[in-house]
Asks: 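One structure, pasted below without further comment.
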Amino acid sequence: ELGMSAGGGVWVKDETGAVGGSQKARHLFSILLHLRAAEEIGHLADRPRLAISSCGNAALAAAMLAKAASWPIDVFVPTWMSDGFGRLLDELDATVHRCERRDDDPPGDPAMLRFRDAVRSGAVPFTVQGPENALCLDGGRTIGWEIADQAAALDCRLDRIFVQVGGGAFAATVGASLDVPLYAVQTEGCAPLDRAWRRSVDIEHPASQWSELMTVWDDPKSRADGILDDETYDWIGVIEAMRRRGGRPVVAPETCVVEAHRLAHAAGYDASA
């Protein structure tokens with residue numbers, strides 16, 4: 001389909017058969033494992049509620065893990081989340097909060113703002129954003145390690161890796177655990193990472209100027225709704241990986257998103273856009 005020769009091609013890390021249909025449960029399981037260990041050794045007398053902000057796969061994975069552990073969870077979602085997805089969360093006994101923008105809200109995702117309110121009130125951040133709970137990055141690194149092991153078993157040398165970027169934890173952890181150039185992919189309708197990359201090209205320590213470099217993307221739009229985070233929360237880790245390994249951001253036109261989705265299904269992957 002892509003015109004590659006017999007000596008080269010595209011390898012796909014297929015996570016659609018994982019818990020919740022994506023890689024998100026890896027990030028969340030390391031948090032849940034930490035909580036269960038704390039409980040077992042007596043450091044957690046009562047179970048605080050879990051909280052997550054998500055519009056898709058992360059919410060589903062979080063609700064599935066929480067139900068498996070019989071742990072109460074609040075899921076903060078945007079108003080445009082589909083009713084069908086809401087019913088899935090209801091079936092998993094998650095408490096769903098549809099978050100409208102309030103007149104006094106600062107810039108940013110209203111669901112993320114309400115999630116942070118819940119954490120300030122005592123909920124555990126059960127999330128895939130490293131700045132909110134760095135334990136999620138431990139589980140994410142297993143993806144890069146698995147790719148390296150599987151490539152070695154096939155005697156395959158990887159030239160580069162492309163990773164879709166919403167909040168950025170996925171790309172940050174793959175970039176930290178796999179020693180190949182990283183290309184971080186967003187869509188033209190929501191590309192805050194690419195904008196921050198261009199703004200920070202001459203800045204040695206971008207984290208020191210976080211609020212000026214990583215700003216909220218106005219009105220995110222794309223069929224790839226799983227990566228429509230208006231801020232790339234783990235952008236520092238992604239930029240560090242691209243600088244260290246080589247690579248750069250990629251901004252995909254919407255026509256490429258549509259064509260990539262078609263190719264994925266033609267190849268047998270039940271992937272969302």
Asks: Using modelled atom types and a 3.5 Å cut-off, is there a donor and acceptor pairing between side-chain atoms of Asp234 and backbone atoms of Gly130?
Replies: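 Such a contact is found between Asp234 side chain and Gly130 backbone.
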Asks: Tell me if the aromatic rings of Trp235 and Trp197 count as close, with their centers under 6.0 Å from one another.
Replies: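 Ring centroids of Trp235 and Trp197 are no less than 6.0 Å from each other.
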Asks: For Pro48 and Leu44, which heavy atoms make the closest approach, and how far apart are they?
Replies: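 Minimum heavy-atom contact is CD-CD1, 4.1 Å.
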Asks: Please confirm whether the backbone N or O of Glu254 pairs with a side-chain atom of Glu188, one donor and one acceptor, at under 3.5 Å?
Replies: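 Side chain of Glu188 to backbone of Glu254, a donor-acceptor pair under 3.5 Å: yes, one is there.
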Asks: Is there a donor-acceptor pair closer than 3.5 Å between any side-chain N or O of Trp217 and the backbone N or O of Gly189?
Replies: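 Yes; judged by distance alone, with no hydrogens or angles, the pair exists.
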Asks: More than 12 foreign heavy atoms under 6.0 Å from CZ of Phe29: is that the case here?
Replies: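 Not more than 12 within 6.0 Å, no.
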Asks: Heavy-atom count check: over 12 atoms from other residues, nucleotides or ligands less than 6.0 Å from His97 NE2?
Replies: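 Enclosed: over 12 neighbouring heavy atoms sit under 6.0 Å from NE2 of His97.
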Asks: Checking the side chain of Arg248 only, and the main-chain atoms of Asp194 only, is there a donor and an acceptor separated by less than 3.5 Å?
Replies: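 Checked: no pair found.
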Asks: For His261 and Ala271, indicate whether the former's side chain and the latter's backbone hold a donor-acceptor pair under 3.5 Å.
Replies: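 Answer holds: yes.
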Asks: Between Lys13 and Glu146, does any side-chain N to carboxylate O distance fall below 4.0 Å?
Replies: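 A salt bridge is present here (some side-chain N lies under 4.0 Å from a carboxylate O).
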Asks: Looking at every heavy atom in both Asp229 and Gln129, which two are closest together, and how far apart are they?
Replies: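 Shortest heavy-atom contact: OD2-NE2, 4.4 Å.
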Asks: Run the side-chain contact (heavy atoms from CB on, under 4.5 Å) check on Asp109 and Glu231 step by step: do they pass?
Replies: CA-CA 8 Å; Asp109 181 0; Glu231 178 181 349; over 6 Å; no
Asks: Please check if any side-chain donor atom of Arg49 sits under 3.5 Å from a side-chain acceptor atom of Thr95, or the reverse.
Replies: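 The answer is yes; a qualifying pair exists.
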Asks: Testing Thr255, Leu263, Val257 one by one against Glu259 for a side chain to side chain contact (heavy atoms under 4.5 Å, CB included), which residue passes?
Replies: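 In the set Thr255, Leu263, Val257, the residue that makes a side chain to side chain contact (heavy atoms under 4.5 Å, CB included) with Glu259 is Leu263.
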Asks: Step through the shown structure and confirm whether more than 12 heavy atoms of other residues, nucleotides or ligands are within 6.0 Å of CG on Asp155.
Replies: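 Open: at most 12 neighbouring heavy atoms sit under 6.0 Å from CG of Asp155.
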Asks: Tell me if a side-chain donor or acceptor on Arg114 pairs with a main-chain N or O of Arg98 at a distance below 3.5 Å.
Replies: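 Not at all, since once roles are kept as given, no pair shorter than 3.5 Å links the two residues.
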Asks: For the residue pair Gly144 and Ser177, what are the closest heavy atoms and their distance?
Replies: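 Taking Gly144 first and Ser177 second, the nearest heavy atoms are CA-OG, 3.2 Å.
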